[in-house]
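The block underneath contains the structure these notes are about, expressed in structure tokens.
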There are 2 protein chains.
Amino acid sequence: MPKRGMQPIRQRELILAAVEAIHERGLNGVTMGDIAKRAGVSPALAHHYFGSKDELLSATMRHLLGEFALAARRRLAVAGDPRARVDAILEASFAPDQFSPALISTWLAFYMQSVHDKAAARLLAIYLKRLEANLRHDLRPLVGDGAVAFARGIAAMIDGLWLHAALPTLHRSPDEALGILRDYVDGRLAAVALS
Amino acid sequence: MPKRGMQPIRQRELILAAVEAIHERGLNGVTMGDIAKRAGVSPALAHHYFGSKDELLSATMRHLLGEFALAARRRLAVAGDPRARVDAILEASFAPDQFSPALISTWLAFYMQSVHDKAAARLLAIYLKRLEANLRHDLRPLVGDGAVAFARGIAAMIDGLWLHAALPTLHRSPDEALGILRDYVDGRLAAVALS
DNA sequence: TATTTTTAATTGACTGCTCAATCAATAAAA
DNA sequence: TTTTATTGATTGAGCAGTCAATTAAAAATA
């Protein structure tokens, strides 16, 4: 049944299937067979379009990084003052379309991969540095020198809330996560305003 | 070279070796061979004492959970007022003896395992529920009804800081993590004191 | 238009490797 | 002599990656 021009379609399907499969079996537990089956193609086709399992997983990671970066940029573009820009980042982190369990746990699987995989670590470091730089930039006018530590605190809390959101046992909602984050930010801003 | 009474010694050695090996290869990437080699024994011996790879990894997880719980209990026992008890939990989370990169990344590997592994999820849920219950209990007199969300925020931030500490790229120190946590707690307490 | 040729998509069958798990054999302590 | 510790050799399963064969669309040619 060969229709031409399948390459980009199949690649996308395989990446989306990989996210689901990784959620079910874990990053290292997943097989090309798992992914291909979910995408409705043979394992050989997955190899044909990606060359290797590593390539497919790496493409999946880049896909997620791209999605998150895009969501953040879109929201930052329409945010006004620094406080609104901080909130744009928080909201982007917990936007409903970023927040399926499969997406989160795949994201975090790559996080863990970065502990012992140089290539993954490099990609993740770029993302994290940009996130923290954005936060720092907008926090500086609000809290001055405390901005570095504060930005790291917010970044850590975002990832911690994701981690907990990925655990089915805890059933945490994005809205709750956002509320907790805003309490953190506002509490600190109120405390700084007094000193 | 059979000396009698090796069982508990070997089991402990294998568990410690497993932590190191998991740090290097990841939870699913690790093999019995990796672990056994690190412990200076044959793969067959690891099977002899643990029956299966799953058993060994599960024992390793229980070992970590036990260590963390013990550290927290010790510090809580000598803490006075609620604020000091909260701090005891924070300190236990970032005590130097709990904070080797290998320990952290192994801990977080189990976290990720819990996403798709029922047994691991059950163990982790017990730990997390206890942690949050402790925090909630001590925060209640300090912040009233906000204690539930606050406890979840602290728990999330602890795990987020661990996650970042596990990434070699970021080289974050336990002291910095503690500072960020204390800023969070104190900022929120100061904000509540005003309302 | 009809026919042939080229190109892309797709898979089943196969290969080789890694690894968990088993087991029989050996060695030393009790 | 019994029990415990220990390993080398082996088995069997699962999986990544390869390849040749098949199908159909598209392009070229008559």
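All values below come from the heavy atoms of this structure, side chains included, with hydrogens, waters and symmetry mates left out. Letters go in sequence order (proteins before strands), and every chain restarts at 1.
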Discussion item. What does the B/S/- profile of nucleotides 20-25 of chain C look like, 5' to 3', with a 4.0 Å heavy-atom cutoff to protein?
Written reply: SBBB--

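- Checked against a 6.0 Å centroid threshold, the rings of B:Trp107 and B:Phe68 count as neighbours.
- The aromatic rings of B:Tyr184 and B:Phe150 sit perpendicular to each other, their planes meeting at more than 60°, with 30° as the lower class boundary.
- A pairwise comparison of heavy atoms in A:Ala46 and A:Leu14 identifies CA-CD1, 3.9 Å as the closest pair.
- Residues from residues 7-20 of chain A lying near DNA chain C, meaning a heavy-atom separation below 4.0 Å, are A:Gln7, A:Arg10 in numerical order.
- Regarding contacts with the backbone of C:dA8, every side-chain N or O of A:Tyr49 stays at 4.0 angstrom or more from both OP1 and OP2.
- Note: NZ (B:Lys37) to P (C:dC19) measures 11 Å, nearest angstrom.
- Remark: A:Glu176 engages B:Arg152 in a side chain to side chain donor-acceptor pair (under 3.5 Å) (not counting sequence neighbours).
- Atoms CG (B:Asp34) and C1' (C:dT18) sit 11 Å apart, rounded to a whole Å.
- Residues B:Arg38 and B:Glu24 are paired through a salt bridge, judged by an N-O separation under 4.0 Å between the basic side chain and the carboxylate.
- Checking A:His23 against A:Ser105 by side-chain atom types alone, a donor-acceptor pair falls below 3.5 Å.
- Salt bridge status for A:Arg75 with A:Asp87: absent, with no side-chain N to carboxylate O gap under 4.0 Å.
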